[in-house]
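So the structure is just underneath, and the comments pick up after that.
Chain letters run A, B, ... following the sequence lines, proteins first and then strands; every chain starts at 1.
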Amino acid sequence: MMLARRLLTGNGAAAWAARLAQVDYIPAFPITPQTEIIETLSRWIDNGEIPGKLVTLESEHSMITAAGAAAATGVRVFTATSSQGLLYGMEMLYTVAGWRVPFVLINVSRALASPVTLEPDHNDVLAARDSGFLQIHCATCQEVLDITLMAYRLSEDARVRLPAIVNEDGFYLSFTREPVYIPDADEVKDFIGEFDSENMQFRASAPTSQAVAVLGGSPYSYFRYESHLAAENARIVFDEICDEFEQRFGRKYGALESYHVDDADYVIFMVGCFATKAKAAVDSLRKAGWKIGLLRPRLLRPFPGEKISQLLAGKKGVAVIDQNLSMGKGGILHCELASVLYGNKDAPPVLMSFIGGLGGRDISQEEFFEIAKQLKQASETNEIPAPRLLYTVDELRQIHKLQAIAHVERAILNRDHQNPDSHE
Amino acid sequence: MNDTHFKRMKDLPSTHLLGTGTPMCAGCGGLQAINDIYDILGEKTVFINAAGCMTLLSVYPFTPFRGSWLYTAMASAPAGAQGVRDALDILLEKKKIGQEENLTAVVLTGDGSAYGMGLSATSAAIDRNLDFIYICYDNEGYGNTGQQYSSATPHGARTSTSSGSMGYPGFKKDLFSIWAAHKPTYVATVIGAEPLDLARKIEKAAQLKGPRFIITLSPCPTGWGFDPQETMQIGKLAVKSGVWPLKEYIDGKIIHTKVPKIRMSVEDYLATQFRFAHLFKPERNTRLIDEIQGRVDEYWDHVS
Ligand SMILES: Cc1ncc(C[n+]2csc(CCOP(=O)(O)OP(=O)(O)O)c2C)c(N)n1
Ligand code: SF4
Ligand SMILES: [Mg+2]
């Protein structure tokens with residue numbers, strides 16, 4: 001096996017995955033920080049380096065419609081978006097998932113308006129949590145490439161047949177160069193196989209109606225349950241695919257990344273590339289004698305609840321760091337985790353919630369240490385503090401300073417407006 | 001129209017390809033037109049539908065279509081056609097399927113979708129020179145949700161969201177011109193009550209390539225308030241009064257295909273429908289009737 005290793009951004013890795021998966025069709029629409037993916041693919045197609053057709057639609061709503069319709073006609077589809085784009089297409093995410101069409105959508109996480117920003121958090125992709133798309137989160141550029149390839153296998157598997165979102169964090173992954181192994185094209189071809197549309201296609205000789213209306217709750221429930229059961233199947237299928245991937249390509253993945261969890265008393269639970277920062281903190285804390293680990297789900301839909309319960313059984317405490325915020329409730333992962341742990345007899349007695357990393361705000365090593373400290377304290381005192389919103393005194397001071405400046409500027413403007421000659 | 005198959009009424013198909021027993025209202029002018037259109041487009045089609053009355057044509061597990069069907073959403077049927085067309089082209093190019101498996105992508109939406117929510121998707125489909133046929137059945141309101149006004153609702157019409165004494169204050173959007181301004185291959189207005197004119201236009205559209213558009217005014221007993229058996233009559237009146245000009249855009253030119261020799265007064269048309277009843281009762285609103293007549297006259301003054 002020829003191993004090519006080169007420096008790729010997360011977006012570069014995503015484009016390479018689409019290339020290696022030999023996708024037929026790429027409906028596209030630009031949005032920062034995703035745009036580089038479609039630009040790269042477009043360049044390759046225009047240069048004749050790869051086959052395939054890329055079409056820029058006029059919106060993500062149309063883009064996802066075209067993606068679903070093309071998959072329903074019987075070709076392999078790739079698409080990508082981010083943030084506002086994902087939300088703009090939300091109606092169609094739910095719709096095409098119900099069509100049971102397999103394809104892969106890369107979401108490059110970016111925080112949602114308002115206020116508008118370019119930097120990442122996970123509220124965008126978690127808004128698609130209940131859409132029927134499978135959802136897999138990456139933490140490195142290598143993962144973006146490998147997981148996207150696996151997502152095609154997963155999505156197209158006869159037991160699943162659901163579209164999949166592969167998530168990479170904007171900026172921190174999308175624009176960060178890391179060394180990435182690019183697998184051999186023929187081996188990937190072997191691994192993913194030809195696109196099999198099964199019975200989903202539009203052909204003159206075999207007329208079909210797809211995505212028809214239903215009358216009443218019974219047929220509706222039937223189709224919704226079918227989708228749910230297919231998503232449940234994806235849990236086992238993903239494990240199988242990970243095993244096969246490891247055999248073929250030598251890199252091991254799974255529904256979860258478990259880092260020093262086995263002998264840990266305390267565990268940090270989070271998704272995405274900020275988990276890399278948590279790993280560094282775990283390393284430092286371990287050096288200082290802490291029994292602490294990190295558990296990072298890659299698979300969010302289907303949720304690997306049983307595995308998580310097993311891995312967390314007997315731990316003293318778990319801190320969930322949510323890079324998202326459900327106003328009036330708190331962290332979304334925290335709720336997800338609580339729902340799988342509750343009632344297990346050896347579930348960790350302490351489950352704490354921290355919100356951090358919103359809109360690309362860093363989570364510093366000191367903050368991870370503080371989280372660990374609070375976790376230990378809660379476990380020792382048996383008092384679980386209310387969810388914490390990570391923010392430092394210094395940050396608050398900076399914001400107040402900006403507000404003060406804005407007020408002064410406004411006052412000067414008002415004064416000048418009232419007597420324009422005051423400057424003379 | 002020299003090489004048309006449809007020279008006289010008896011050339012029209014006598015039986016319909018579209019199955020019967022749909023849940024559409026009796027006397028539905030939209031369904032009438034779709035019946036006629038389907039006879040000509042045939043079963044080597046995939047109908048890509050947006051939310052509206054016609055969505056209920058295909059309800060699991062039944063469909064009146066002999067060909068294929070894909071329901072999308074209210075705003076993005078043209079994008080659905082893009083995906084289907086592109087995928088078929090890819091399969092043809094890769095020789096995964098032969099020409100005999102090819103299908104025509106036909107978008108089917110109401111006016112609410114065509115004039116409003118789906119207009120941006122349609123405009124962009126024309127930019128991309130998408131090879132498809134778009135059929136808009138125009139019942140001049142959001143019919144499926146109970147006939148609220150849309151941007152296709154005519155001035156003065158009562159709808160469930162314009163129930164005051166003056167009816168709908170806006171004016172029917174000129175979608176024909178908006179579509180034609182994009183310079184697509186073909187745009188035509190038709191109506192089920194003029195089946196020969198309709199058949200010739202659909203026949204022509206079917207022979208062309210690129211973006212092709214049909215708007216069919218669709219008298220709607222339920223939304224407009226008339227007896228289902230009057231659909232044909234009201235359709236004919238719409239043409240004879242000049243309210244619904246039958247025309248086509250092709251090669252940069254607009255041709256009127258059926259110019260009423262003596263135009264009947266608009267009042268004759270308005271008086272047939274409950275949605276205009278407030279123009280006549282409790283007292284005649286001459287100003288508004290004249291205004292509506294004035295607009296129709298002005299339109300025809302500009303038709304050479
Ligand atoms: C995004 C969205 N908004 C609203 C609706 C509700 N809705 C369903 S059909 C319809 C009316 C569509 O009007 P039109 O296109 O004229 O078709 P008609 O119902 O008259 O046949 C509406 C508003 C919807 N399905 N989707
Ligand atoms: S409401 Fe009007 S357009 Fe809709 S099915 Fe009934 S008659 Fe046809
Ligand atoms: Mg309508």
At their closest point, which heavy atom of [X] faces which heavy atom of [Y], and how far apart are they?
{"X": "Ala204(A)", "Y": "Leu103(B)", "result": "CA-CD2, 3.6 Å"}
{"X": "Trp99(A)", "Y": "Tyr71(B)", "result": "CZ2-O, 3.3 Å"}
{"X": "Leu88(B)", "Y": "Phe202(A)", "result": "CD2-O, 3.5 Å"}

Review point. So which residues of residues 122-131 of chain B are in contact with chain A at a heavy-atom cut-off of under 4.5 Å?
Key: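 Counting heavy atoms that sit under 4.5 Å from chain A, the residues of residues 122-131 of chain B involved are Ala124(B), Arg128(B).
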Check your understanding: Among residues 104-121 of chain B, which ones touch chain A with a heavy-atom distance under 4.5 Å?
Key ->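 From residues 104-121 of chain B, the residues near chain A are Ser120(B), Ala121(B).
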Practice item. Please identify each residue that fulfils ring pair (Phe, Tyr, Trp, His ring centres under 6.0 Å) with Phe65(B), with sequence neighbours left out. Key: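 Testing Phe65(B) for ring pair (Phe, Tyr, Trp, His ring centres under 6.0 Å), a comparison that skips the adjacent residues, returns Tyr38(B), Phe47(B), Trp69(B).
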Give the member of [options] that has the highest number of heavy-atom pairs under 4.5 Å with chain A.
{"options": "Ser58(B), Ala81(B), Ala73(B), Ala75(B)", "answer": "Ser58(B)"}
{"options": "Val84(B), Thr72(B), Val46(B), Thr55(B)", "answer": "Val84(B)"}
{"options": "Leu91(B), Asn49(B), Thr45(B), Asp89(B)", "answer": "Leu91(B)"}
{"options": "Pro78(B), Gly80(B), Pro61(B), Ala77(B)", "answer": "Gly80(B)"}

Practice item. Check whether any side-chain heavy atom of Ser205(A) lies under 4.5 Å from a side-chain heavy atom of Glu101(B), and answer yes or no. Key: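 Sidechains of Glu101(B) and Ser205(A): in contact.
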Does atom [atom1] of [X] have more than 12 heavy-atom neighbours, drawn from other residues, nucleotides or ligands, at distances under 6.0 Å?
{"X": "Tyr94(A)", "atom1": "OH", "value": "yes"}
{"X": "Tyr149(B)", "atom1": "OH", "value": "no"}
{"X": "Phe223(A)", "atom1": "CZ", "value": "yes"}

Part of [X] within contact of chain B (heavy atom distance under 4.5 Å):
{"X": "Met92(A)", "answer": "side chain"}
{"X": "Val55(A)", "answer": "side chain"}
{"X": "Ser59(A)", "answer": "neither"}

Check your understanding: With a 4.5 angstrom heavy-atom cut-off, which part of Leu70(B) approaches chain A: side chain, backbone, both or neither?
Key -> both
Review point. So what's closer than 4.5 Å to chain A heavy atoms on Glu93(B): side chain, backbone, both or neither?
Key: neither
Check your understanding: Can you tell me how far the OG1 atom of Thr73(A) sits from the CG atom of Asp86(B), to the nearest 0.5 Å?
Key -> 9.5 Å
Exercise for review: With rounding to the nearest 0.5 Å, note down the distance linking CD in Glu58(A) to OG in Ser76(B).
Suggested key: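 Answer for the CD-OG pair, Glu58(A) versus Ser76(B), is 8.5 Å.
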Exercise for review: For each of Ile64(A), Val212(A), Thr95(A), tally heavy-atom pairs with chain B at distances under 4.5 Å, and name the one with the top tally.
Suggested key: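 Of Ile64(A), Val212(A), Thr95(A), Val212(A) has the most heavy-atom pairs under 4.5 Å with chain B.
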Revision key, fill the gap. Residue from Thr208(A), Val75(A), Leu57(A) scoring the most non-hydrogen pairs under 4.5 Å with chain B is Thr208(A)
Exercise for review: Could you go through the side-chain contact (heavy atoms from CB on, under 4.5 Å) check for Glu194(A) and Lys96(B) one step at a time?
Suggested key: CA-CA 12 Å; Glu194(A) 283 268 303; Lys96(B) 291 263 167 83; 3.4 Å; yes
Review point. Do any of residues 19-29 of chain A come closer than 4.5 Å to chain B, heavy atom to heavy atom, and if so which ones, in number order?
Key: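 Expected list: Asp24(A), Tyr25(A).
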Point to revise | Ser68(B) side-chain N/O to Ser209(A) backbone N/O, donor-acceptor pair under 3.5 Å | key: no
